[in-house]
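First up is the structure itself, then whatever we jot down about it.
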Amino acid sequence: MPSGGGKGQPSASAQIVDGINFGDDSGEWSRDGECDDRRFFGSGMASGFSWDHVGRDASDCVAAFQSGTVRMWDYTEARAATQCSAIQFGDDSGSYPNDYECDDIRFEGPGAAMGMSIENMGGDASDCSRLCDYGVVFLRDY
């Protein structure tokens, strides 16, 4: 757990770049060359991530951000860019179909699962398509 600061305040070791608090390197997969912080998207991302990794992979995410391989995911931009009717959602062959949350790593938003993995890409069509239609998940890569 990061030290210093109260809730919502950067820890003493937080890395802040371009006004973004990247946090620290206290995560399980920090310093492995992939950004595990799900606030970001792009080719520099790990193949799996969860909310547990937010602010805990600073060095990797800063490097990817500065090289342009990740950028901050923006709810408003993603919502405007997502056309649910044009998405191939796949099927329900993933690990957690029909559990009322979208487990497909291609999506983000309040209806997205806690943990995301590339193994579920295209494998939660019923949940993801319904949640997309209702405006609670949007494309991560927009």
Side-chain angles (χ1 to χ4, degrees), residues 1-3 5-11 13-142:
M1 185 78 141
S3 63
K7 185 175 181 177
Q9 296 177 5
S11 69
S13 60
Q15 292 186 47
I16 299 174
V17 176
D18 289 347
I20 300 170
N21 181 351
F22 284 86
D24 57 34
D25 286 321
S26 63
E28 183 177 356
W29 293 293
S30 64
R31 300 178 188 264
D32 66 353
E34 298 178 313
C35 178
D36 298 296
D37 187 329
R38 80 184 281 169
R39 295 177 298 163
F40 300 91
F41 74 98
S43 63
M45 291 297 297
S47 60
F49 42 80
S50 75
W51 288 114
D52 295 342
H53 301 122
V54 171
R56 299 183 67 212
D57 194 18
S59 294
D60 291 334
C61 296
V62 166
F65 181 78
Q66 290 177 328
S67 73
T69 60
V70 300
R71 65 183 193 147
M72 183 73 87
W73 188 81
D74 182 272
Y75 179 91
T76 304
E77 288 180 25
R79 182 178 186 150
T82 301
Q83 295 179 7
C84 300
S85 62
I87 297 170
Q88 295 293 329
F89 287 94
D91 55 35
D92 286 329
S93 64
S95 301
Y96 309 101
N98 301 307
D99 65 351
Y100 308 105
E101 59 185 11
C102 179
D103 300 293
D104 189 324
I105 198 167
R106 296 176 297 165
F107 297 91
E108 187 60 86
M114 170 71 170
M116 306 291 269
S117 168
I118 200 162
E119 286 83 26
N120 289 317
M121 187 165 61
D124 197 15
S126 295
D127 288 333
C128 296
S129 64
R130 182 178 64 257
L131 294 170
C132 189
D133 287 340
Y134 285 107
V136 292
V137 295
F138 310 101
L139 291 172
R140 286 189 56 75
D141 243 336
Y142 49 86

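Distance alone, capped at 3.5 Å, is enough to place a donor-acceptor pair between the D60 side chain and the G33 backbone. For the pair S50 (side chain) and M114 (backbone), a donor-acceptor distance under 3.5 Å is absent. D25 contributes a side-chain N or O that, together with a main-chain N or O of S59, makes up a donor-acceptor pair within less than 3.5 Å.
Counting heavy atoms from C-beta on, the side chains of C132 and T82 come closer than 4.5 Å. At a threshold of 4.5 Å between non-hydrogen side-chain atoms, the residues E101 and D124 do not count as touching. In this structure the side chain of H53 reaches within 4.5 angstrom of the side chain of W29, judged on heavy atoms. Considering only heavy atoms from C-beta on, V70 comes within 4.5 Å of M45 through its side chain. Proximity of Y142 to F41: side-chain heavy atoms (C-beta onward) are separated by under 4.5 Å at one or more points. When side chains are defined from C-beta on, F22 does not count as touching D37, because their heavy atoms never get closer than 4.5 Å. Looking only at side-chain heavy atoms (C-beta outward), F89 and F107 come within less than 4.5 Å of each other. The closest side-chain heavy-atom distance from S30 to R56 is not below 4.5 Å.
Scanning all heavy atoms of the two residues, the minimum distance from C102 to V137 falls at CB-CG1, 3.9 Å. Among all heavy-atom pairs drawn from D92 and S126, the shortest one is OD2-OG, 2.5 Å. Considering every non-hydrogen atom in both N120 and D103, the closest pair reads CB-O, 3.2 Å. For the residue pair G123 and P97, the shortest heavy atom distance occurs at O-CB, 4.4 Å. Between D36 and G48 the shortest heavy-atom distance is OD1-O, 4.0 Å.
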From CA spacing to verdict: side chain to side chain contact (heavy atoms under 4.5 Å, CB included), I20, F40: CA-CA 11 Å; I20 300 170; F40 300 91; 4.0 Å; yes
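Rounded to the nearest 0.5 Å, atoms CZ (R140) and CD1 (I105) are 7.0 Å apart. Distance check, rounded to the nearest 0.5 Å: CG of D104 to CG of D127 gives 10.5 Å. Distance check: F138 CZ to D74 CG gives 11.0 Å after rounding to the nearest 0.5 Å. One finds the CD atom of Q88 at 11.5 Å from the OG atom of S129 (value rounded to the nearest 0.5 Å). Distance check: R71 CZ to C35 SG gives 14.0 Å after rounding to the nearest 0.5 Å. Annotation: the span from R39 atom CZ to F65 atom CZ amounts to 10.5 Å, rounded to 0.5 Å.
Heavy atoms from other residues, nucleotides or ligands lying under 6.0 Å from OH of Y100 number 12 at most.
Judged by the 6.0 Å distance and 45° axis criteria, R38 is positioned over the aromatic ring of W51.
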